[in-house]
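Just so it is clear: chains get the letters A, B, ... in the order the sequence lines come, proteins before strands, and each one is counted from 1. None of these values were measured; they are calculated from a predicted model.
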4 protein chains.
Amino acid sequence: MAKLQKSIDKRNALINATIALVNNNGFHATPMSKIAKMANVSPATIYLYFENKQDLVNKTYIDVKAQYTAYAFANFDESMSVEQGFEHIWKRIADFKLNESESAMFLSQCDNTPIIDEPSLQEGIKHLQPLLDLWERGKQEGLIKPISDYLLYAYAINPLSFLMIAQKRGTFKLDQKQIEEAYEAAWSSIKN
Amino acid sequence: MAKLQKSIDKRNALINATIALVNNNGFHATPMSKIAKMANVSPATIYLYFENKQDLVNKTYIDVKAQYTAYAFANFDESMSVEQGFEHIWKRIADFKLNESESAMFLSQCDNTPIIDEPSLQEGIKHLQPLLDLWERGKQEGLIKPISDYLLYAYAINPLSFLMIAQKRGTFKLDQKQIEEAYEAAWSSIKN
Amino acid sequence: MAKLQKSIDKRNALINATIALVNNNGFHATPMSKIAKMANVSPATIYLYFENKQDLVNKTYIDVKAQYTAYAFANFDESMSVEQGFEHIWKRIADFKLNESESAMFLSQCDNTPIIDEPSLQEGIKHLQPLLDLWERGKQEGLIKPISDYLLYAYAINPLSFLMIAQKRGTFKLDQKQIEEAYEAAWSSIKN
Amino acid sequence: MAKLQKSIDKRNALINATIALVNNNGFHATPMSKIAKMANVSPATIYLYFENKQDLVNKTYIDVKAQYTAYAFANFDESMSVEQGFEHIWKRIADFKLNESESAMFLSQCDNTPIIDEPSLQEGIKHLQPLLDLWERGKQEGLIKPISDYLLYAYAINPLSFLMIAQKRGTFKLDQKQIEEAYEAAWSSIKN
DNA sequence: CATGAATGAGATTTCATTCAT
DNA sequence: AATGAATGAAATCTCATTCAT
């Protein structure tokens, strides 16, 4: 295996350990030593890849957020109609939240606490542009309510986080039928 | 001032300090010593009122959750029509999230991280029953979609948390017009 | 009940609580608050009867040591022969160590650690005089080895402490037959 | 110096500091910080070698007890006669108690208080077997009283602890003549 | 690059003692 | 005399980070 690859593997192992431990124990109960142990490296090695703990968690956030958006827009095509496009993206996001629930949980935790610093939060938001563009088109075509993107996101996308957490906690199960119902609710809330 | 009152005041001061500091710094960066300082007591005094840090944050959660539901259902009357009742409760909750944003932030942080233990989370959920009863009535009258309460909550109520956080971060401002738009979106998403 | 009596009762309750707790947990794990709780008084009340923790444990030691020697010499009569007198005292001490094992344990702990201050240790030794006098007589009569009282005590009396602790720990049981054997060993070790 | 050696040195420094401080101040007045200072390491370093304070004192006890028995049985040879063997071991133990009085004091403190946990006490007892075997032989040959090993130990060996403490406290001096007297008393107490 | 050992700084928690009542 | 509440000081232990190898 090439040296570079080994390096990337270690970085990934650290990122994954961070996600798993922060999800299960919370940021406050995730010491660097545990992260190192789970990633099978020495604590000192972490500092070869990241400046400090804050940097590690920031970078983890940015990485995961990038995965999330890449997943969301895979196979999306700007030639799709607004409704087709929205359904496509929405279902990709639903898939991500339910199948990649470790990653989704981590994002949810970061987005609701002050553990990520402001610049990294900004960095994470960047990649949502295609969805915003789609909504813009929808508004112009009169298909989507002419309201703030924040409102659209709050009603069309964010509820999936709540459902993912409920499912993770075991109090609720999202099967195919309920995903359809959720999509209905999402579309109803933003369509004109 | 009576002894009992002084005791209650101290407990409240501790709860409030906990909310403020956890909101601003996160649980991991909120030492007991800072909480004590902010509440104007000695660190040792905290342990007269709470067993340990975990207990303090659990009890804070339960307290705040109780305030939240009390606020939500104030002046609610089961004789109201389903739509009237829903609008009433929804707007109370919106008021709470936007006016009592410190409390709301704290709840959001607790509901998205593993800092509160399971029994306390359960304790906190108890008081939502009137809303669930209203939805049940709505379903029977054919006014509300016959879907899981989790889905209804995810779309009708939870988006307010997202909007509250966005507003707190200063990236977005919820004024009267947008509250009406949000209400429209909420109602659209769950009405039949 | 007279006021004075109530006062004495409280003092005794404190002394007894100290003995029980130090025996079971050791001095280092016996906080004043636990002593107070066990004696059914407020922590502050302890300071009405004793200057501080050191004073409490010193006084407890002196009290128990006095009980011990009183018990040891009860019914002893200087007109007894040396051997009769020794057997009498020895058996009283054996009785004390085995029946009043709480008290005996406490003394043993104090005599083998630096928890009691020097003046109180001295105070505790005082009352052994009758035994030393008996030995003196025994030496003059040629019945007892002409060796230091420390040696006599080490071999004739102190082994009972070891046996008491072994019994307390449950690894060994001292019944009547073994007490006789122990007496034999004690007498053999010091008799001329 | 090899890494391993430095590690062993640090562990030993910690063990020795523990012995010295517990002897002089008692367990309750021996904070980890003092132990660290005396061993010339940071308090945090203690936790690389021992799990916690209880573990440190347990391990110290086991170490010292092992030294004690190794010392006691050095040059002992099962081909010796019972009386020769006993005298040999007894004098080795006397040497240890008087020359290695720091270690002996520590053992005495541990054996008379609840500071060592049960498993570690058990661990410490293991190594006395050669003495018990010798006594067994003595009983079969009719040279030693047919009584419990606990009684034999209480009278033949344990008095040395009492004498060692008395000497340490300065109230009594064990010179060569008195050691012979003590040996006489010990042997008298257990011989048939 | 990689590490294990080490640690300073600080976290949580305990406790002997005091004080207003 | 008696107390419960309060606390300053200190105890145990943790952890992010560094450094010699």
Side-chain angles (χ1 to χ4, degrees), chain A residues 3-4 6-7 10-11 28-37 39-57, chain B residues 2-4 6-7 10-11 27-36 40-56, chain C residues 3-4 6-7 10-11 28-37 39-57, chain D residues 1-4 6-7 10-11 27-36 39-56:
Chain A
K3 262 191 175 175
L4 180 64
K6 267 181 72 180
S7 218
K10 256 175 207 175
R11 207 193 110 105
H28 72 286
T30 300
M32 296 294 260
S33 56
K34 268 195 197 169
I35 295 174
K37 197 162 288 171
N40 272 111
V41 299
S42 157
T45 303
I46 300 182
Y47 293 83
L48 299 175
Y49 293 85
F50 304 95
E51 281 174 49
N52 50 38
K53 195 181 182 186
Q54 184 64 57
D55 185 48
L56 166 58
V57 74
Chain B
K3 256 189 177 176
L4 180 63
K6 266 181 73 178
S7 217
K10 247 170 217 179
R11 206 192 112 105
F27 184 67
H28 72 286
T30 300
M32 296 296 259
S33 55
K34 271 196 197 169
I35 296 174
N40 269 111
V41 298
S42 155
T45 303
I46 301 181
Y47 294 86
L48 295 177
Y49 293 86
F50 304 96
E51 281 176 47
N52 49 40
K53 196 182 181 184
Q54 183 64 57
D55 185 48
L56 166 59
Chain C
K3 262 190 174 176
L4 179 64
K6 267 181 72 179
S7 219
K10 255 175 209 175
R11 207 192 111 105
H28 72 287
T30 300
M32 296 293 261
S33 56
K34 268 196 197 169
I35 295 173
K37 198 162 287 169
N40 272 111
V41 299
S42 156
T45 303
I46 301 182
Y47 293 85
L48 299 176
Y49 293 85
F50 303 95
E51 280 174 49
N52 50 38
K53 195 182 182 185
Q54 184 63 56
D55 184 47
L56 166 59
V57 73
Chain D
M1 189 163 26
K3 256 189 178 177
L4 180 63
K6 266 181 71 178
S7 218
K10 248 170 217 179
R11 206 193 111 106
F27 184 67
H28 73 285
T30 300
M32 296 296 259
S33 56
K34 271 196 197 167
I35 296 174
N40 269 111
V41 298
S42 154
T45 303
I46 301 181
Y47 295 87
L48 295 178
Y49 294 85
F50 303 96
E51 281 176 48
N52 49 40
K53 196 182 180 184
Q54 183 65 55
D55 185 48
L56 166 59

Quiz item: E:dG4 C1' sits how many Å from A:M32 CE, rounded?
Solution: 16 Å

Practice problem: Decide yes or no on side-chain contact (heavy atoms from CB on, under 4.5 Å) for A:L48 and A:K10, but give the supporting numbers first. | Solution: CA-CA 10 Å; A:L48 299 175; A:K10 256 175 207 175; over 6 Å; no

Quiz item: Going from CG on D:D55 to OH on D:Y49, what distance comes out if it is rounded to the nearest 0.5 angstrom?
Solution: 14.0 Å

Quiz prompt | Rounded distance (Å) that lies between atom C1' of F:dT18 and atom CZ of A:F50 | solution = 18 Å

Exercise. Provide, to the nearest angstrom, the distance between the NZ atom belonging to C:K37 and the C1' atom belonging to F:dG4.
Key: 12 Å

Practice problem: Output the single nucleotide from E:dT13, E:dA6, E:dT17 whose closest atom is nearest the side chain of B:P43. | Solution: E:dT13

Self-check item: Rounded distance (Å) that lies between atom P of F:dT12 and atom CD1 of D:I46
Solution: 9 Å

Quiz item: Toward the 5' end of DNA chain E, which comes first, B:E51 or C:Q54, by nearest nucleotide?
Solution: B:E51

Quiz item: What's the shortest heavy-atom distance between C:V41 and C:T45, and which atoms?
Solution: CB-CB, 4.0 Å

Exercise. Whole angstrom is fine here: how far is it from CG in A:D55 over to C1' in F:dA16?
Key: 14 Å

Practice problem: Both distances under 3.5 Å, Watson-Crick or G-U wobble: on that basis, could you give the dot-bracket string for DNA chain F, with [ ] for crossing pairs and | for other-strand partners? | Solution: .||||||||||||||||||||

Quiz item: Which of the following nucleotides, F:dT7, E:dT13, E:dA6, is nearest to the side chain of D:L48?
Solution: E:dA6

Quiz item: Does F:dT3 have OP1 or OP2 sitting under 4.0 Å from an N or O in the side chain of C:T45?
Solution: yes

Quiz item: Are any of D:K10's side-chain N or O atoms less than 4.0 Å away from OP1 or OP2 of E:dA6?
Solution: yes

Self-check item: For the student: nearest non-hydrogen atoms of C:P31 and C:A29, plus distance
Solution: CD-O, 3.4 Å

Quiz item: Within less than 4.0 Å of OP1 or OP2 of E:dA5, is there a side-chain N or O belonging to D:Y49?
Solution: no

Self-check item: NZ or CZ of D:K53 within 45° of D:F27 ring axis and under 6.0 Å
Solution: yes

Exercise. In whole angstrom, give the distance that lies between atom CD1 of B:I35 and atom P of E:dT13.
Key: 10 Å

Quiz item: Are A:L56 and A:I35 close enough, and set up right, to give a side-chain contact (heavy atoms from CB on, under 4.5 Å), and what steps lead you there?
Solution: CA-CA 10 Å; A:L56 166 58; A:I35 295 174; 3.9 Å; yes

Quiz item: Does D:K53 place a side-chain N or O at less than 4.0 Å from the phosphate oxygens OP1/OP2 of F:dA11?
Solution: no

Self-check item: First of B:T30 and C:H28 reached from the 5' end of DNA chain E, by closest nucleotide
Solution: B:T30

Quiz item: Start at the 5' end of DNA chain F and walk down; is the nucleotide closest to C:V41 or to D:A44 reached first?
Solution: C:V41

Quiz item: Nearest-Å distance, NZ (D:K34) to C1' (F:dA11)?
Solution: 12 Å

Self-check item: Rounded distance (nearest 0.5 Å) linking atom NZ of C:K37 with atom OG of C:S42
Solution: 11.0 Å

Quiz item: Between D:Y47 (OH) and F:dC15 (P), how many Å, whole number?
Solution: 13 Å

